[in-house]
Number of protein chains: 2
Amino acid sequence: MEKKDHKDCLAALVPVRDTLDVIGGKWRILILISISSGNKNFRKIERSIPKLSTKVLSSELKIMEQDHLITRTVINGFPVRTEYTATEYSKTLKNVIAELHDWGINHRKKVFECSE
Amino acid sequence: MEKKDHKDCLAALVPVRDTLDVIGGKWRILILISISSGNKNFRKIERSIPKLSTKVLSSELKIMEQDHLITRTVINGFPVRTEYTATEYSKTLKNVIAELHDWGINHRKKVFECSE
DNA sequence: CGGTATCCATAGGGATACTG
DNA sequence: CAGTATCCCTATGGATACCG
């Protein structure tokens with residue numbers, strides 16, 4: 001947040017935007033938490049998150065797989081099952097999520113305290 | 001990222017979503033950085049950020065003011081000037097932005113290295 | 001179960017023009 | 001300069017139905 005010239009600003013911004021592109025969507029963190037909590041299959045994840053439609057879940061899962069946040073495994077059998085798991089890589093988001101979480105807590109306090 | 005039951009998950013998620021609602025938009029961090037860098041008036045901010053339209057800037061600035069991230073000051077004179085400044089409060093986002101930034105850097109590396 | 005396909009409504013964003 | 005207002009268009013998301 002120090003003074004910087006414009007080029008530095010843009011340079012500083014790109015990685016932040018990259019991260020937000022990965023986790024900033026409306027559903028991604030919710031889905032990640034759901035999966036990390038043990039919901040491994042499509043319907044369970046869907047049901048665990050209010051207002052989340054199959055279409056959106058489907059597309060978000062694909063993106064998250066591309067981003068190496070989750071793994072999709074098809075298990076042959078009767079019936080065929082599909083399992084989603086959080087990758088080790090997704091755990092590198094721990095600090096990020098912790099900061100987002102803490103700031104959110106404080107912000108909520110702030111908003112309630114001073115409504116000026 | 002540990003195992004949690006569903007209620008805990010949702011509870012953990014709310015503050016994260018709160019934070020993302022504040023800074024997760026497409027433009028807000030860009031605008032905040034621009035202002036923090038010394039761009040104080042509307043046109044300067046607008047010009048400093050490629051692809052940002054007046055309409056969007058206008059609405060984002062209002063929201064950011066409500067969220068106490070920036071301050072808007074009208075300075076009477078000829079012509080009337082308006083000054084936007086980053087609040088002290090916005091500086092509490094320092095750690096959040098640092099984490100987002102660092103993760104973004106690493107993620108970009110990861111994406112380049114293993115394109116599997 | 002694990003999705004895809006389709007239809008449709010709505011919001012958000014670009015371009016432009018205009019006000020004070 | 002500092003925005004608002006308008007028009008218009010596209011992308012996103014909900015609802016529903018359907019396939020393997």
Query raised in the report: With distance as the sole criterion, do the side chain of K55(B) and the base of dG14(C) form a donor-acceptor contact below 3.5 Å?
Result: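 Present.
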Check whether any side-chain nitrogen or oxygen of [X] sits under 4.0 Å from OP1 or OP2 of [N], and answer yes or no.
| X | N | result |
| --- | --- | --- |
| R43(B) | dC1(D) | yes |
| R81(B) | dG3(D) | no |
| T54(B) | dG3(D) | no |

Report task. Could you work out which one of dT4(C), dC1(C), dG14(C) sits closest to the side chain of K62(A)? Result ->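 Of the options given, the side chain of K62(A) lies nearest dT4(C).
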Query raised in the report: How far apart are the closest heavy atoms of L100(B) and I23(A), and which atoms are they?
Result: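 That would be CD2-CD1, 4.3 Å.
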Report task. Locate the shortest heavy-atom distance separating L32(A) from I70(A); write the atom from each residue and the value. Result ->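 L32(A) and I70(A) have their closest heavy atoms at CD1-CG2, 4.3 Å.
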When we call it a touch if two heavy atoms are under 4.0 Å apart, what does [X] touch: a base, just sugar-phosphate, or nothing?
| X | value |
| --- | --- |
| K51(A) | sugar-phosphate |
| K26(A) | nothing |
| Y84(A) | sugar-phosphate |

Query raised in the report: Below 4.0 angstrom, N of the basic side chain to O of the carboxylate: do E88(B) and K91(B) qualify?
Result: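 Answer for the salt bridge query: yes.
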Query raised in the report: In terms of ring plane angle, is the pair H68(A) and Y89(A) parallel, tilted or perpendicular, where the classes change at 30° and 60°?
Result: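 Rings of H68(A) and Y89(A): perpendicular, as their planes differ by over 60°.
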